[in-house]
Amino acid sequence: LCAFVAPAEAQTYPTRSITMIVPFAAGGPTDVISRIVTAHMAQTLGQSIIIENVVGAGGTTATTRAARAANDGYTLITGHMGTHAASVPLYPKLAYHPEKDFEPIALLAGTPILILARKDFPPKDLKEFVTYVKANVEKVNAAHAGVGSVSHVSCELLHSILGIKPVGVPFNGTGPAMNALVAGQVDYMCDQIVNAVPQINAGTIKAYAIATPERNPSLPNVPTTAEAGLPAFQAQAWNAIFAPKGTSPAIIASLNAAAIKALDDETVKKRLLELGSVIPGAKDRTPEALATLVKNEIAKWTPVLKPAT
Ligand code: MLT
């Protein structure tokens with residue numbers, strides 16, 4: 001019986017709208033990337049994809065919910081380097097495991113990390129920033145999107161390199177954290193480029209450096225951390241779609257194909273590139289490649305973050 005049911009299901013999927021859980025507030029990098037890509041995927045799939053922002057605990061509240069959702073292809077999640085890697089060492093009682101409880105669907109974007117500050121933060125460049133935060137560690141604060149979020153773990157890495165432990169100010173996403181940075185309510189942040197480009201171009205915040213080996217074409221005037229004197233700080237995040245474990249291979253294949261089609265669409269590509277994202281190449285677009293990325297990222301972040309817990 002199953003042999004006949006599965007193909008029929010695959011041919012008809014999806015027959016109703018799909019929910020895409022975004023584990024952070026609207027307006028942040030995960031939300032923006034999800035909306036750009038899923039708008040195109042919805043056209044391919046012939047059904048709407050409804051974004052549901054579910055916030056809390058550095059994205060792990062939403063990811064727990066996604067892990068427990070029905071594995072029928074109608075509830076998906078846009079996870080990232082935090083929810084599907086860094087959360088493992090940071091949350092000893094994590095209610096899901098990124099590898100055991102999810103089916104990888106498709107990597108959507110790589111997102112370089114930048115060191116950003118409020119416009120009137122005194123340091124002029126990265127060298128001054130390093131001296132300043134070390135000298136004023138009791139006074140300065142770093143905004144982030146909750147323990148285990150990309151912004152949190154990226155600045156944890158920066159702080160471990162600098163040998164400091166400043167106060168962190170958690171938000172439900174770096175969308176609201178960015179609003180606080182623009183308003184001058186927090187001092188600095190390590191955030192994904194997607195959130196930073198519009199604000200840097202509008203002159204509402206400062207960017208000290210991008211933590212990748214090369215400058216980003218969307219921000220040609222922002223130096224790399226190596227150029228600015230801190231080569232040890234290298235950080236790039238990623239965003240990807242996952243489904244609950246046990247989702248059928250046919251549904252996974254259909255979602256993966258729709259995601260790839262979106263990444264190849266000229267309008268989608270242009271928008272992602274304008275925001276500084278790195279669009280995955282052919283070999284990085286398969287569910288298997290995403291499974292390998294998750295495995296490698298858990299292995300990479302575990303020794304870095306475990307001592308901090
Ligand atoms: C993060 O820091 O993990 C993200 O920037 C959260 C978000 O998308 O708002």
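All ligand and atom numbering here is 1-based and tracks the order in the structure. Predicted, not measured: the structure shown is a model, and the values here were computed from it.
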Can you tell me which residue and heavy atom of the protein come closest to [atom], and the distance to 0.1 Å?
{"atom": "atom 2 (O) of ligand 1", "value": "Ser151 OG, 2.5 Å"}
{"atom": "atom 1 (C) of ligand 1", "value": "Val150 N, 3.5 Å"}
{"atom": "atom 4 (C) of ligand 1", "value": "Gln192 NE2, 3.4 Å"}
{"atom": "atom 5 (O) of ligand 1", "value": "Thr174 OG1, 2.6 Å"}

Once the angle between the rings of [X] and [Y] is folded into 0 to 90°, is it parallel (under 30°), tilted (30 to 60°) or perpendicular (over 60°)?
{"X": "Tyr96", "Y": "His84", "result": "tilted"}
{"X": "Tyr208", "Y": "Phe129", "result": "tilted"}
{"X": "Phe24", "Y": "His80", "result": "tilted"}

>> With a 4.5 Å cut-off on side-chain heavy atoms, are Thr225 and Gln234 touching?
In response: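 They are in side-chain contact.
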[X] neighbourhood, listing ligand 1 atoms whose heavy-atom distance to it stays under 4.0 Å:
{"X": "Gly173", "result": "9 (O)"}
{"X": "Ala145", "result": "1 (C), 2 (O), 6 (C)"}
{"X": "Ser149", "result": "1 (C), 2 (O), 3 (O)"}

> Based purely on interatomic distance, does Thr30 place a nitrogen or oxygen under 3.5 Å from a nitrogen or oxygen of ligand 1?
Replying inline: yes
> With a distance cut-off below 6.0 Å to the six-membered ring centre and an angular limit of 45° from the axis, does Arg16 pair with Tyr74 as a cation-pi contact?
Replying inline: yes
>> Test of understanding: given a 4.0 Å heavy-atom threshold, classify the contact between Asp191 and ligand 1 as side chain, backbone, both, or neither.
In response: side chain
> Side chain, backbone, both or neither: which part of His80 comes within less than 4.0 Å of ligand 1 when only heavy atoms are counted?
Replying inline: side chain
> So which of Val37, Thr44, Thr38, Ile36 actually passes side chain to side chain contact (heavy atoms under 4.5 Å, CB included) with His40?
Replying inline: Thr44
>> Below 4.0 Å from ligand 1: does a non-hydrogen atom of Pro29 turn up there or not?
In response: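 Checking ligand 1 against Pro29, which is what was asked, there is a heavy-atom contact under 4.0 Å.
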> Checking salt bridge (charged side-chain N to carboxylate O under 4.0 Å, His left out) for the pair Lys270/Glu274: CA distance, chi angles, key distance, verdict?
Replying inline: CA-CA 6 Å; Lys270 182 166 175 283; Glu274 272 168 5; 3.0 Å; yes
Please list, one pair per line, the donor and acceptor atoms closer than 3.5 Å that link side chains of residues 167-181 to other protein atoms, with sequence neighbours excluded.
{"from": "Thr174", "atom 1": "OG1", "to": "Asp191", "atom 2": "OD1", "distance (Å)": "3.1"}
{"from": "Thr174", "atom 1": "OG1", "to": "Asp191", "atom 2": "OD2", "distance (Å)": "3.4"}
{"from": "Thr174", "atom 1": "OG1", "to": "Asn195", "atom 2": "ND2", "distance (Å)": "3.3"}

